[in-house]
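Worksheet: the structure to be examined is printed underneath.
Just so we're on the same page: letters track the sequence lines, and every chain starts at 1.
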Amino acid sequence: MFSYIIRRLAVAVPTILILIVMSFMLMFAAPGGPFNSERPLSPTVMANIEARYGLDQPYWKQMFDYTVNVVTRFDFGPSFQYRDRTVNDVIAQGFPVTLKYGFWSFVVAVVFGLGLGVVAAIRHNTWLDYLAVGISIGAQVLPNFVMAPILVLVFTLWLGWLPGGGWNGGQWQYVILPVIALSTSYMASIARIMRSSMLEVMNAGFIRTARAKGLPMHRVIWKHAMKPALLPVLSYLGPAFVSMVTGSVVIDVYFSTGGIGQFFVNSAFSRDYSVIMGITILVGVLTILFNLVVDLLYAWIDPKIRY
Amino acid sequence: MFPDKAVAEGLGQAAQLAEVQGRSLWKDARIRFFRNKAAVVALYMLVAICIFAFFGGWAAQHERDAIDFALSGPNAYKGVPSFATGHYFGTDADGRDLFARTVQGTRISLLVGIVGALIAVIVGTLYGAISGYFGGRTDGAMMRTVDILMSVPYMFVLILLLVIFGKSILMLFVGIGLISWLDMARIARGQTLTIKNKEFVEAAVAIGVRPMTIILRHIVPNLAGIVVVYSTLLIPGMIITESFISFLGLGVQEPNTSLGALISRGASQMQYGVIWQLAFPLFFFIVTLFAFFFVGDGLRDALDPKDR
């Protein structure tokens with residue numbers, strides 16, 4: 001187990017470094033800088049600004065300094081657009097928001113997805129099964145950017161129950177719509193995977209044995225069927241988490257929640273490269289860490305996996 | 001003396017009937033597919049959408065970028081869908097005919113989906129087949145590369161690409177193509193691993209066929225089933241990606257449009273009571289995705305060797 005963790009880390013660390021180098025090179029390939037404006041600045045001013053942001057150094061040194069700063073001090077440097085803030089300030093402001101509704105979306109997707117999948121599998125070919133399958137097929141074609149306007153239309157414009165945007169310090173009324181919009185399609189996918197894997201497990205020999213020796217149904221499900229049935233879901237959670245973080249871009253923009261997605265898109269339009277890179281790297285690191293955790297969990301649950 | 005023509009034909013048919021009717025893998029799959037009601041209905045829907053997207057322009061009464069200033073602005077009572085004015089789907093906030101724009105949006109979304117899936121299929125299948133066939137170090141290095149690329153938050157990188165190199169459909173294709181082949185490569189590799197130990201590959205090796213020829217002539221055709229299934233499920237994924245990017249305003253640019261861009265515009269106008277601006281593009285988006293998902297599911301049931 002220990003050597004497995006070490007080996008996975010040995011892949012994760014170069015991946016992060018490659019990510020940093022790649023986004024840095026992309027930034028360098030970009031035509032036009034963040035300080036090019038309609039009125040050209042005088043050369044002295046330009047030189048001063050470039051010195052302030054370290055842009056006068058040779059590019060390999062910039063890249064090296066940047067990487068060292070990020071790796072050793074989690075310092076993403078100053079923002080090019082907001083003169084008085086660093087990228088770290090931007091992340092510190094936006095990330096808690098994203099984390100809050102992202103976490104709840106994840107919980108909602110997993111809990112309801114698993115529940116729906118298990119119920120559908122146990123009541124196979126009954127109306128409950130058809131209902132669950134119907135919901136999961138319907139939700140599959142409703143990605144977050146489709147859900148968001150529909151939810152606002154129904155709950156804000158027609159019913160007037162919930163606010164259609166804003167964050168307001170994360171009060172529950174403001175969190176509900178983003179969470180539903182973000183979690184729906186993942187809930188559907190989890191339900192679908194859980195249903196088919198549960199059906200497969202319920203037909204397995206050891207379940208028949210457990211039922212034959214007279215265990216009550218709930219014990220069979222919870223003690224025997226759950227763990228093996230969860231494996232395919234677990235391997236889906238890695239990619240799901242990633243696209244949830246990505247989906248938060250739409251949620252932030254549509255609901256104006258003020259998470260990192262909103263900063264990302266704003267920075268993308270104003271060519272604030274240091275913020276874009278900082279957020280890309282942050283999300284990349286999160287992705288890699290989460291995949292690592294999922295892999296470790298997988299190895300722990302499934303004894304068949306050799307590491 | 002000679003039996004006449006009708007008799008000869010009858011004999012021929014009898015002879016044919018007497019033979020055991022062999023069914024090819026693909027014919028088998030076709031029969032199974034057409035037995036699946038949902039998949040067949042979805043297939044018809046898909047054909048209808050394609051006809052709408054590629055020939056719908058002929059039915060439009062207005063140019064897609066002609067602005068009718070009398071109907072522009074967020075006014076619920078103007079620009080409503082009606083046959084009388086020729087604006088079947090109403091007009092958008094700028095007074096442009098929504099029918100013509102939906103036709104074009106559907107077309108671009110379909111094209112992005114199909115081209116994106118094509119890139120993924122070609123690159124991914126070859127990459128996976130080569131990696132799986134050669135095995136060993138080559139396999140290790142190639143699949144590590146895929147692993148690393150997979151853990152890149154691609155939507156962010158895609159946005160970064162679009163911002164840096166300009167927002168264009170070409171860049172969108174490049175960006176989508178860069179990442180979409182990864183899953184395909186993994187699937188193709190897995191399948192290749194089982195195929196390469198079959199006798200026909202061994203026979204090809206024994207008579208000295210070069211490795212690349214084996215991959216192209218013997219491995220890739222045998223991957224076709226799983227590739228077809230996966231690519232029909234990949235197309236809706238591509239459409240969603242493109243719409244996501246266009247929703248953020250980074251994808252297809254004016255005067256062109258796509259379903260994602262139309263949904264975005266409709267969503268920003270809906271508080272003025274012009275619900276049709278959201279409803280029509282949304283309807284076509286959802287129906288298209290539904291159709292692709294069901295056809296893909298049907299194909300999987302028809303071609304998946306597990307269910308036989």
Side-chain angles (χ1 to χ4, degrees), chain A residues 11-12 14-16 18-19 22-23 26-32 137-138 140-146 148-150 152-153 156-157 164 185 238-239 242-243 245-247 249-250 253-254 261 264-265 267-271 273 276-277 279-292, chain B residues 38 144-145 147-167 183 233 236-237 239-241 243-250 259-260 263-273 275 277-279 281-282 285-294 297 306:
Chain A
V11 179
T15 312
I16 294 173
I18 288 173
L19 184 68
M22 223 171 66
S23 37
L26 270 180
M27 194 181 95
F28 250 91
I137 290 176
Q140 199 176 17
V141 297
L142 295 172
N144 45 45
F145 61 90
V146 171
I150 294 178
V152 169
L153 184 66
T156 307
L157 291 180
S185 62
V242 177
S243 41
V245 174
T246 322
V249 174
V250 160
V253 170
Y254 195 79
F264 186 79
V265 172
S267 314
F269 279 113
S270 63
R271 295 181 168 265
Y273 295 129
I276 305 180
M277 274 175 63
I279 294 177
T280 306
I281 291 169
L282 178 77
V283 173
V285 170
L286 276 179
T287 308
I288 291 162
L289 283 182
F290 203 81
N291 280 335
L292 186 69
Chain B
R144 257 310 87 73
T145 315
D147 284 347
I148 289 177
L149 285 177
M150 272 209 156
S151 50
V152 170
Y154 78 87
M155 197 64 90
F156 285 72
V157 175
L158 183 56
I159 293 174
L160 198 62
L161 275 175
L162 286 168
V163 168
I164 287 176
F165 296 110
K167 295 163 251 178
D183 279 317
L233 294 173
I239 293 178
I240 290 178
T241 306
S243 299
F244 182 95
I245 296 289
S246 290
F247 186 88
L248 294 175
L250 290 161
L259 288 179
I263 291 171
S264 169
R265 284 299 299 274
S268 68
Q269 296 291 326
M270 67 188 181
Q271 67 263 40
Y272 305 119
I275 187 71
Q277 292 181 9
L278 177 65
L282 201 56
F285 180 80
I286 289 175
V287 169
T288 309
L289 290 191
F290 250 122
F292 272 115
F293 277 128
F294 274 106
D297 267 354
K306 251 204 277 182

Check whether [X] gets within reach of chain A through its side chain, its backbone, both or neither, counting any heavy atom under 4.5 Å.
X      : value
B/L278 : side chain
B/F244 : both
B/L282 : side chain
B/S264 : neither

So what's closer than 4.5 Å to chain B heavy atoms on [X]: side chain, backbone, both or neither?
X      : result
A/T287 : side chain
A/V253 : side chain
A/F145 : both
A/L153 : both

Dump the intermediate steps for side chain to side chain contact (heavy atoms under 4.5 Å, CB included) on B/F285 and A/V141, then the final yes or no.
CA-CA 8 Å; B/F285 180 80; A/V141 297; over 6 Å; no

Mind checking ring pair (Phe, Tyr, Trp, His ring centres under 6.0 Å) for A/F290 and listing every partner two or more places apart, or none if nothing turns up?
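A/F290: ring pair (Phe, Tyr, Trp, His ring centres under 6.0 Å) contacts with A/F106, A/F241.
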
Please test B/F290 against A/I137 for side chain to side chain contact (heavy atoms under 4.5 Å, CB included), starting from the C-alpha separation and ending with a verdict.
CA-CA 8 Å; B/F290 250 122; A/I137 290 176; 3.2 Å; yes

Is the closest side-chain heavy-atom distance between A/V146 and B/F247 below 4.5 Å?
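In short, these two side chains do not touch, never coming nearer than 4.5 Å.
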
So, taking the atom named CD1 in A/I150 and the one named CD1 in B/I263, what distance separates them when rounded to the nearest 0.5 Å?
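Those atoms lie 8.5 Å apart.
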
